[in-house]
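One structure below.
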Amino acid sequence: MFPTYQLMSKNKILPQIDREAIQKIYGKKQSHATTQKPTVKTKQPHSLCRAFINAAFKSPDNTLHAFIEGTLHRYSLKNHQWYEQSTPYKQFYPSLPSKIDGAVYNSHANQVVFFTERYFYVYNIDNANQAKIQYLRPLPKNSRNPINGAFYYKNEIRVIGSKTIASFQLNPPRVSKERSLEREFPGFTGTVKTAFSYGHLHHLFTTDNLVYVWNEQSNTWETFGEPMQTSWFACSHIPHKKRTQPGSISRYRQY
């Protein structure tokens, strides 16, 4: 010990040799630097969710068949994901032209009906889920407005225009008087770019990139005017999340 005290800086009170000896026994002082939280990566929607689907329906194999620019893409609801491999849809549906405007699957007749600008194509589905063309015919003469999509709705084939819906009869081919989509689906005021059914859920995609999903069983909106990239079952961050409709909050049901 020193017989006298001399004021000195804090870091010089203990000689370095003593510091090292103490640190060897007890270890060095740990830094209290702020621990950064790990970055949480948000699951991004599939690239197909940024594209308008020309036509789609729930296939007998329980997958969504989506037709985009001549290519067939499939989505598995069971696994909540798109299949990696896509296929020219003529391999599944022989004689189908490259550009289609809508399609429906009639489970009662086990038929798929495709619509183009001037014709409709009817395919039968066999027990092995193989599609065989039955016939193609011109659209009926009273079909005035372009078809932007198709529903299988209330046990009938319905063709969807930009703001209208009408029943479609196969034999003989005929389109009923058109009805406004706003009257059929209360609250809807958009302009339809494309439309399709998946079971009892009927999807309307509008020109402003929003999606509206009508549940035929409950006669309510499952999704009302939300971004199409993230707001329907094949393009949702959370599987089966039911989107907000006017005046309510709820969740997707299992289809």
Side-chain angles (χ1 to χ4, degrees), residues 45 49-58 64 66-67 75 77 101-108 113 115 120 139-140 142-170 174-255:
C49 298
R50 293 188 292 272
F52 281 103
I53 294 173
N54 301 127
F57 53 83
K58 184 178 181 179
L64 174 75
F67 301 80
Y75 178 84
L77 189 66
D101 298 320
V104 293
Y105 171 62
N106 179 350
S107 60
H108 301 293
V113 181
F115 296 93
F120 67 96
L139 288 172
N142 68 326
S143 178
R144 299 175 182 176
N145 293 328
I147 293 173
N148 292 357
F151 288 168
Y152 192 74
Y153 176 62
K154 294 184 178 179
N155 296 318
E156 291 183 344
I157 297 172
R158 307 292 180 99
V159 289
I160 311 299
S162 60
K163 290 184 177 291
T164 60
I165 182 171
S167 297
F168 183 84
Q169 179 180 303
L170 286 176
R174 183 171 177 80
V175 177
S176 71
K177 184 178 180 180
E178 293 177 326
R179 177 182 174 90
S180 75
L181 285 166
E182 185 177 3
R183 288 186 62 191
E184 190 70 39
F185 305 111
F188 179 79
T189 58
T191 300
V192 174
K193 174 87 171 179
T194 187
F196 65 83
S197 293
Y198 186 90
H200 62 271
L201 299 179
H202 308 293
H203 297 65
L204 297 160
F205 296 85
T206 58
T207 53
D208 49 359
N209 292 66
L210 299 179
V211 60
Y212 299 74
V213 182
W214 181 262
N215 187 325
E216 183 178 342
Q217 292 184 341
S218 62
N219 285 322
T220 56
W221 292 107
E222 292 278 339
T223 302
F224 189 88
E226 299 223 3
M228 72 179 197
Q229 292 90 341
T230 57
S231 304
W232 60 286
F233 69 87
C235 295
S236 175
H237 293 323
I238 304 174
H240 305 308
K241 183 178 181 183
K242 183 176 177 179
R243 299 293 173 171
T244 304
Q245 59 173 310
S248 69
I249 298 175
S250 48
R251 298 277 178 184
Y252 261 127
R253 300 176 182 87
Q254 182 75 24
Y255 305 149

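These numbers were taken from a predicted model, which means no experiment stands behind them.
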Stepwise side chain to side chain donor-acceptor pair (under 3.5 Å) check, Thr191 with Lys163:
CA-CA 6 Å; Thr191 300; Lys163 290 184 177 291; 3.2 Å; yes

Can Leu64 and Leu77 be said to form a side-chain contact (heavy atoms from CB on, under 4.5 Å), step by step?
CA-CA 8 Å; Leu64 174 75; Leu77 189 66; over 6 Å; no

Flag the pair Asp101 / Asn148 as yes when at least one side-chain heavy-atom distance between them is below 4.5 Å, and no otherwise.
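When only atoms from C-beta onward are counted, Asn148 and Asp101 do not touch, as no gap falls below 4.5 Å.
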
Side chains of His200 and Tyr152: does their closest heavy-atom pair fall under 4.5 Å?
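Contact flag for His200/Tyr152 side chains = no.
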
At their closest point, which heavy atom of Gly161 faces which heavy atom of Leu181, and how far apart are they?
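Smallest heavy-atom distance, with atoms named: O-CD1, 4.1 Å.
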
Return the minimal non-hydrogen interatomic distance between Lys58 and Gly199, and the atom names on each side.
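Closest heavy-atom pair between Lys58 and Gly199: CB-N, 4.0 Å.
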
Ring centres of [X] and [Y] under 6.0 Å apart?
X: Phe224; Y: Trp214; value: no
X: Phe67; Y: Phe57; value: yes
X: Phe196; Y: Tyr105; value: no

Distance-only, no hydrogens or angles: does the Ser231 side chain make a donor-acceptor pair with backbone N or O of Pro227 under 3.5 Å?
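Flag set: sc Ser231 to bb Pro227 pair under 3.5 Å.
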
Nearest 0.5 angstrom please: [X] [atom1] to [Y] [atom2], how far?
X: Glu226; Y: Asn209; atom1: CD; atom2: CG; result: 14.0 Å
X: His203; Y: Tyr212; atom1: NE2; atom2: OH; result: 14.0 Å
X: Glu216; Y: Lys154; atom1: CD; atom2: NZ; result: 7.0 Å

Identify whether NZ of Lys or CZ of Arg in Lys193 sits under 6.0 Å from the centre of the six-membered ring of Phe52 and within 45° of that ring's axis.
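Judged by the rule (NZ or CZ under 6.0 Å from the ring centre, within 45° of its axis), Lys193 counts as positioned above Phe52.
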
Applying side chain to side chain donor-acceptor pair (under 3.5 Å) to Ser167 and Glu156, what does each step give before you reach the verdict?
CA-CA 7 Å; Ser167 297; Glu156 291 183 344; 2.9 Å; yes

Salt bridge (charged side-chain N to carboxylate O under 4.0 Å, His left out) involving Glu178 - partner list, sequence neighbours excluded
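Partners of Glu178 by the salt bridge (charged side-chain N to carboxylate O under 4.0 Å, His left out) criterion come out as none, since no residue qualifies.
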
